[in-house]
Amino acid sequence: MTNRSALARSALVAALGLQLMAFPLGAQEVGRRLSGLLLTEGSGAPVEGAHIRLVDPADSVRFEALSDAQGAFSLPMPPAGVYRLLVARIGYRSWASDTLHVDWASESRSLRLDIPVEPIPLPELSVSAENVCPTTPEQRERAFALYESVFPILATVSHTADLGSLKMRMVRPRKEYHGGGTYRFQRDTVTVVVQKSLSNASPEHLVAHGYAAVVDTMTTFFAPDGDALAAPGFLATHCLRPVEGEDEATVGLGFEPKPDREDVVDVAGVLWIDTVTGGPRELEFSYTSMRPFLREHLEPALRLWFEAHHGRVNFSRIQIRDQSRFGGVLHFARIARDRWLIHKWRIRRPVLLNRGYFAAGSRGSVTPVAYPLEFSGEILTLILP
């Protein structure tokens, strides 16, 4: 999709060869596939890197795949039922097929679908003098080329439902109380079975409210996972830049929030890309604009505690010694030719502690200090369905 003005008037043609056979009790034969080919109408050029999802009537993703350099894709054959195919490609509007009826009693047949293509304006391609990002037009175009190359993987990396369940080792902080109401944080390690390696807020929530929230009176901080990075809102709210790697086998895609994002907690960092495989290696990020959130949501509880134990005290400005201590890293792993997932992650979230003094007969003084608490997870094994 290099000539966008031409593609705006063209269509993708998906020739889907469906091999539908009868099996007892709706069982699924191992190796039975639902395959297809995405081509550009007119030129017949293959469409590489399109994200194809097969969804059920509840819009739950049953299977998904990426089209290869020849425009071909292949999905496992689903059980009997009704489905739709969703096709997405960076820079173009998504498309949904009509209902597909999968009936194991049907004979083999093929489908031909005409898919309209409409380009989406991409904010980071703006090269006008009014662009708020501190990068040159050449840097923005190079960064977007990197983003476009890794987008198909980002769009699928957080979706692992079709792989089965994930057995993971989770490490999280736990308060251990001592005498006098004091406590220390200890590490608590558990093994769990989950559907996703990293739970996260929706991309829409992250764009509207940022990467921190109060959920059921509990404060939590989110990470820029694949869904977040692949969402149109990420491009609209972040500046991209190319970053040189340590060697020729690695290149970085840097990102930072635009200046108008100072009122919410956001993220800045680098997505490191393997230039040989074209896939992501790891994503390093740190939180930005934390102080307003900490002051609004964490400082009041600290004030109440001190007022209950020491009376009214003077609170200083929240101290954040090193902003880079708060954030995390996501590690990616390739598990098949066109499948990647987040196999290990570490996130350091802030908690408010304090430094202070209390002289006899005088009003005490407290300085809230942001301290990082580390949460981590690692996939131990896949539990196949």
Side-chain angles (χ1 to χ4, degrees), residues 11-21 23 26-29 32-38 47-68 71-104 106 109-118 120 151-166 194-206 225-233 335-342 382 384-385:
L12 296 178
V13 178
L16 306 181
L18 302 183
Q19 298 183 356
L20 308 180
M21 305 296 290
F23 292 95
Q28 181 177 327
E29 181 181 349
R32 186 66 61 179
R33 310 293 293 181
L34 173 62
S35 302
L37 189 66
L38 297 181
V47 179
E48 181 181 5
H51 179 204
I52 300 99
R53 290 175 293 166
L54 184 74
V55 300
D56 60 22
D59 283 336
S60 298
V61 178
R62 302 301 298 269
F63 301 110
E64 56 191 334
L66 302 175
S67 59
D68 61 18
F73 66 91
S74 181
L75 300 165
M77 183 69 76
V82 293
Y83 304 92
R84 290 185 304 148
L85 282 172
L86 307 182
V87 179
R89 176 71 159 87
I90 180 64
Y92 294 83
R93 299 195 184 280
S94 301
W95 178 89
S97 74
D98 292 331
T99 299
L100 301 177
H101 293 271
V102 176
D103 183 354
W104 294 116
S106 299
R109 61 190 179 94
S110 62
L111 294 177
R112 182 184 179 97
L113 305 177
D114 293 326
I115 305 175
V117 175
E118 298 179 47
I120 298 174
F151 171 83
I153 297 174
L154 296 177
T156 63
V157 73
S158 296
H159 300 275
T160 56
D162 62 309
L163 300 176
S165 300
L166 309 175
V194 294
Q195 295 299 314
K196 296 181 65 174
S197 63
L198 177 62
S199 298
N200 213 39
S202 69
E204 294 77 16
H205 175 95
L206 299 176
D225 65 354
D227 282 350
L229 295 176
I335 60 172
R337 181 177 61 87
D338 58 353
R339 290 301 301 272
W340 304 70
L341 49 69
I342 300 171
L382 296 177
L384 300 178

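These figures come from a predicted structure and were not determined experimentally.
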Compile the donor-acceptor pairs under 3.5 Å between side chains in residues 77-88 and protein atoms, sequence neighbours left out, one pair per line.
| from | atom 1 | to | atom 2 | distance (Å) |
| --- | --- | --- | --- | --- |
| Y83 | OH | P79 | O | 2.7 |
| R84 | NH2 | D59 | OD1 | 2.6 |

For S165 and Q195, the nearest pair of non-hydrogen atoms, with its separation, is OG-NE2, 3.1 Å
For I342 and V157, the nearest pair of non-hydrogen atoms, with its separation, is N-CG2, 3.8 Å
Residues at least two apart in sequence or cross-chain that pass side-chain hydrogen bond (donor to acceptor under 3.5 Å, both in side chains) with S197, listed by chain then number, are none
Practice item. Determine whether H101 and T99 make a side-chain contact, defined as any pair of heavy atoms from C-beta on separated by less than 4.5 Å. Key: yes
Tightest non-hydrogen contact, residues D227 and S158, listed as N-OG, 3.7 Å
Separation between CG (L229) and CG (L154), nearest 0.5 Å, reads 5.5 Å
